[in-house]
Amino acid sequence: MLELLPQAIGLIMTPEGLIALTFGTLLGIVLGALPGIGSTVAVAMILPFTLTMGQAPAILLLLAIYAGSVYGGSVSAILINTPGTPQSAATCLDGYPMAQRGEAGKALGWATQASVIGGLVSAVVLILAAPQLAAFALNFGPIETFALILLGLTCIVSVSEGSMRKGLIAGALGLFLATVGGDPITGETRFTFGQFPLIAGFDLLAVVIGVFAVSEVLIRLSGGEDGSASSVQFRGLVLPRLREWKGRLSGLSKSVLIGNVIGILPGTGAATSAFISYAEAKRSSPRRARFGQGEPDGVIASEAANNAVTGGALVPTMALGIPGDAVTAVMLATLTLHGVTPGIRLMADNPLLIAAIFTGFFIINLLLLPLGVLFGKMASPLLRIPEAWMLVLILMLSSLGVYFVRGNPFDLIVMAAAGIGGFLLRRQGYPMAPLVIGMVLGPTLEMSLRQGLIITNGSFATLFIGHPIAIGLLCLTLLALSLPLIRHYR
């Protein structure tokens with residue numbers, strides 16, 4: 001791979017390649033910042049325009065939009081408490097409280113630097129270790145994935161601020177909502193009550209936008225005294241100084257590692273990575289008591305992890321032809337449309353193209369810093385809009401984004417219902433993060449458990465026997481659950 005680097009750079013440094021990298025990254029940031037659009041929709045929107053482009057520029061354009069949109073979601077998450085993408089939902093937990101106390105620029109600066117570092121490390125990992133990491137990912141079958149998701153669910157305990165009981169109830173509600181619709185194994189419908197639109201289940205994006213964005217609008221309109229109605233002052237992005245990173249680098253490294261590992265595993269994704277990383281940061285940070293009140297470590301954990309996923313997700317995509325998530329599935333479709341056959345021979349048959357894609361991905365993550373600063377200046381006028389107009393704008397963008405994903409009017413009803421439900425729950429002190437965690441992790445948890453039980457002929461007692469990776473993850477889960485009790489008694 002490294003010996004092809006000069007030729008790969010020559011393939012990228014063409015007018016078409018440079019435009020694809022720069023314009024794609026900026027467009028991705030803008031689309032990611034618009035509530036409801038999301039990375040998958042952003043990439044799918046641009047896919048038809050790549051059919052007239054060469055192979056390398058076409059893939060690089062979509063990669064730039066992918067990486068840019070994951071970062072762009074943090075902008076609206078921090079400034080208006082509305083995650084532009086589901087991957088940024090965890091960023092709201094500390095990013096918006098920072099913005100409320102007048103540190104919106106600094107919060108966005110932390111998010112930008114963490115995103116760039118996470119993305120660059122994942123790009124380096126992608127370049128140096130894609131074949132080896134893809135082979136490691138093959139060790140994760142359904143039982144290992146189930147154990148990993150169990151570990152991820154422990155973050156519900158960490159993000160249940162105020163009341164553990166209410167956090168667990170919200171998490172259980174999220175898990176229940178994830179079961180509505182068709183059974184993943186038998187196809188039978190569950191909890192649909194004869195309503196045809198519910199067969200496909202609740203759209204995750206509609207629920208996330210509802211419980212965060214719509215409930216935020218309702219909280220502000222009702223004059224709720226949870227701090228949500230305070231105005232946010234933002235005059236542009238402020239990058240943290242180097243000395244401010246002292247004591248935070250270990251947490252950053254851990255979050256980047258979590259993002260890369262989870263990104264490699266097919267079917268998990270950046271939202272899972274962000275919440276697991278946030279939970280781990282809250283467990284291990286020396287400033288854990290300030291999480292949820294505007295602690296930069298929380299922003300760093302979420303943004304470093306979800307941007308590190310972008311490179312990790314490309315590992316099984318490029319090395320095995322197995323999409324790591326919905327976005328990389330679109331990437332595979334693009335390769336096919338451009339005459340490149342995805343699969344195990346992809347890297348062997350197209351070494352120069354793959355080298356150009358990997359090198360371009362590194363450049364894309366470098367561009368996030370200057371383009372993020374530029375977009376920060378463009379975004380500041382948004383907050384000078386009167387609050388009434390801002391609330392209308394949030395509702396309009398949220399509705400358009402949710403509807404555009406599937407073109408299904410039922411998703412708007414889901415969004416509205418989730419917003420009203422989120423408003424009522426927030427007024428009673430229930431946190432929304434556990435609910436979203438339950439919905440994000442629930443489908444993968446159920447699918448991997450059901451597949452594991454099929455492998456063991458329905459025996460849960462023997463589920464982990466002969467699976468050392470799963471046993472190790474299960475031990476970590478038990479340790480994570482016992483830590484709060486240990487701290488309490490200490």
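FYI, side chains are in, hydrogens and waters are out, and symmetry mates aren't considered; it's all heavy atoms of this structure. FYI, the numbering just counts along the sequence from 1.
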Check for a donor-acceptor pair, side chain of [X] on one end and backbone N or O of [Y] on the other, with a separation under 3.5 Å.
| X | Y | answer |
| --- | --- | --- |
| Gln195 | Thr192 | no |
| Gln293 | Arg290 | no |
| Thr359 | Ala356 | no |
| Glu295 | Asp297 | yes |
| Lys166 | Gln428 | yes |
| Ser302 | Val299 | no |

Using 0.5 Å steps for rounding, measure from the [atom1] atom of [X] to the [atom2] atom of [Y].
| X | Y | atom1 | atom2 | answer |
| --- | --- | --- | --- | --- |
| Leu478 | Leu150 | CG | CG | 9.5 Å |
| Ile300 | Ser277 | CD1 | OG | 10.0 Å |
| Leu120 | Asn307 | CG | CG | 10.0 Å |
| Leu175 | Leu435 | CG | CG | 9.0 Å |
| Thr179 | Met439 | OG1 | CE | 9.5 Å |
| Leu473 | His467 | CG | NE2 | 12.5 Å |

Determine the minimum heavy-atom distance between [X] and [Y], stating which atoms define it.
| X | Y | result |
| --- | --- | --- |
| Gly372 | Ile29 | N-CD1, 4.1 Å |
| Leu60 | Phe361 | CD2-N, 4.3 Å |
| Ser215 | Gly422 | CB-C, 3.8 Å |
| Ser88 | Gly73 | OG-C, 3.1 Å |
| Ala67 | Ile364 | CB-CG2, 3.8 Å |
| Ser115 | Ala111 | OG-O, 2.6 Å |

Would you call the rings of Phe202 and Phe410 parallel, tilted or perpendicular, where under 30° means parallel and over 60° means perpendicular?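 It falls in the parallel class, under 30°.
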Ser74-Thr91 side chain donor-acceptor pair, cut-off 3.5 Å: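 Ser74 vs Thr91: no donor-acceptor pair found between side chains.
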Go through it in stages, so that I can follow the logic: the residues are Glu303 and Trp110, the test is side-chain contact (heavy atoms from CB on, under 4.5 Å), and I'd like the CA-CA distance, side-chain angles, deciding distance and then a yes or no. CA-CA 9 Å; Glu303 287 302 309; Trp110 285 113; over 6 Å; no
Is there a side-chain contact between [X] and [Y], using heavy atoms and a 4.5 Å cut-off?
| X | Y | result |
| --- | --- | --- |
| Leu445 | Phe146 | yes |
| Leu367 | Ile363 | yes |
| Leu369 | Leu239 | yes |

Evaluate the side-chain contact (heavy atoms from CB on, under 4.5 Å) criterion for residues Leu252 and Ile117: first the C-alpha distance (whole Å), next the side-chain angles of each, then the deciding distance (0.1 Å), finally the verdict. CA-CA 9 Å; Leu252 172 69; Ile117 293 169; 3.7 Å; yes
Of Asn365, Asn306, Thr25, Thr112, which is the lone residue that meets side-chain hydrogen bond (donor to acceptor under 3.5 Å, both in side chains) with Tyr71?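 For Tyr71, the side-chain hydrogen bond (donor to acceptor under 3.5 Å, both in side chains) test succeeds with only one of Asn365, Asn306, Thr25, Thr112, which is Thr112.
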Just do the side-chain contact (heavy atoms from CB on, under 4.5 Å) check on Tyr278 and Asp94 with the steps written out, would you? CA-CA 10 Å; Tyr278 183 88; Asp94 280 285; 2.6 Å; yes
Apply side-chain contact (heavy atoms from CB on, under 4.5 Å) to residues Leu173 and Ile169 and explain how you reach the verdict. CA-CA 6 Å; Leu173 177 60; Ile169 290 173; 5.6 Å; no
